[in-house]
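All residue numbers in this chain count up from 1 along the given sequence.
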Amino acid sequence: QDSANRVLAILKAALNLAFNDALAADDRAWRRVGAFRGVGEARKVILGPDELQRLIDACPVGLRELVAAGARTGARLGELTAAQVRDLDVKARTLRVRGKTGAREVHLDADALALCRRLASGKLPDAALFTTTEGAPWTESVHKRPFAAAVTRAGIDPDATFYALRHAYISHALKMGVPAKAVADHCGTSLRMIEANYAKFIPEDRARYAALAAPVLRVEPGTGEPKVVRIAG
């Protein structure tokens, strides 16, 4: 159905051109033909912590570190594969990434920082941080087959791709109560996208939020006159 929609779009473009060039007298015939609905979008695979661990364990060296970084940061594949050693700031505990939404600093937890420090050790500043076992940079074509093989060995959803790591990170962060705006900023996306695609993972515990928002104040019981605070001067 997805392929049929693409062919239909091409066909309609050709027919519209013919109509505009006065080679067809009427365009109602193809305007009545609609595309299939609900296709063209990859299914979101949300992996749980146990599944993520099985996947990491099933990866060969090189891919294992790349997958672990994706799972612990939510960064896109292209952002991680483009990262260089100089992009790691050990003191600030950040990794500077660049991608479809520009550049940003990704804050690293202790495990992710230790992983990146190990990968950066002994490398030149302009060297790729994440590399294959042979030391070559990762690309989409290079990672696909070993990643798919690791998915099979791990026994997880066969539709899982590297982007499933990002889905897992975002959904887990939201379930843990991290504000959606903070998740969006960290992952280099918009708050609207987070709310549109991950709304079911955003907790709506209004009672807990009300308790957190209320300031701590003291109200003493009594029926006497209110205290008057006099300010000198």
Above 12 or not: heavy atoms from other molecules or residues under 6.0 Å from NE2 of His172?
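No - once you tally the heavy atoms of other residues, nucleotides and ligands closer than 6.0 Å, there are 12 at most.
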Looking at [X] and [Y], would you say the former's side chain and the latter's main chain have a donor-acceptor pair under 3.5 Å?
X	Y	answer
Arg104	His186	yes
Thr132	Gly62	no
Lys100	Gly78	no
Arg76	Gly188	yes

Is the shortest side-chain heavy-atom distance between [X] and [Y] below 4.5 Å?
X	Y	result
Trp138	Leu80	no
Glu51	Asp157	no
Leu165	Leu52	yes
Leu23	Leu17	no

For the student: nearest non-hydrogen atoms of [X] and [Y], plus distance:
X	Y	answer
Arg64	Asp57	NH2-O, 4.3 Å
Arg153	Ala58	NH2-O, 2.7 Å
Ala103	Arg98	CB-CG, 3.8 Å
Cys116	Phe130	SG-CZ, 4.3 Å
Ala75	Phe162	O-CE2, 4.2 Å
Gly74	Cys187	O-SG, 4.3 Å

Go through the steps for Leu88 and Leu108 under the test side chain to side chain contact (heavy atoms under 4.5 Å, CB included), then give the verdict.
CA-CA 10 Å; Leu88 176 62; Leu108 305 173; 3.8 Å; yes
In terms of hydrophobic clustering (I, L, V, M, F, W, Y; side-chain heavy atoms under 4.5 Å; direct or indirect links), are [X] and [Y] co-clustered?
X	Y	value
Ile46	Leu55	no
Val142	Val151	yes
Val183	Ile202	yes
Leu63	Ile56	yes
Val178	Ile194	yes

Between Trp30 and Phe19, how do the two ring planes meet: parallel, tilted or perpendicular, split at 30° and 60°?
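Ring orientation, 0 to 90° scale: perpendicular.
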Over 60° means perpendicular and under 30° means parallel, so classify the ring planes of Tyr198 and His167, tilted if in between.
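Tilted: the ring planes of His167 and Tyr198 meet at 30° to 60°.
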OG1 on Thr101 to CE on Met193, rounded to 0.5 Å:
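Met193 atom CE to Thr101 atom OG1 measures 10.0 Å (nearest 0.5 Å).
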Can you give me every donor-acceptor pair (side chain of residues 117-128, partner residue at least two apart or in another chain, under 3.5 Å) with its distance?
residue, atom, partner, partner atom, Å
Lys123, NZ, Leu119, O, 3.3
Lys123, NZ, Ala128, O, 3.1
Lys123, NZ, Leu129, O, 3.0

Side chain to side chain contact (heavy atoms under 4.5 Å, CB included) between Asp89 and Arg96, worked out
CA-CA 8 Å; Asp89 188 332; Arg96 185 168 181 79; over 6 Å; no
Asp185 with Lys181: basic N within carboxylate O range, under 4.0 Å
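Here Asp185 pairs with Lys181 in a salt bridge, since their nearest N and O are under 4.0 Å apart.
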Worked check of side chain to side chain contact (heavy atoms under 4.5 Å, CB included) between Thr73 and Leu95
CA-CA 10 Å; Thr73 65; Leu95 178 66; over 6 Å; no
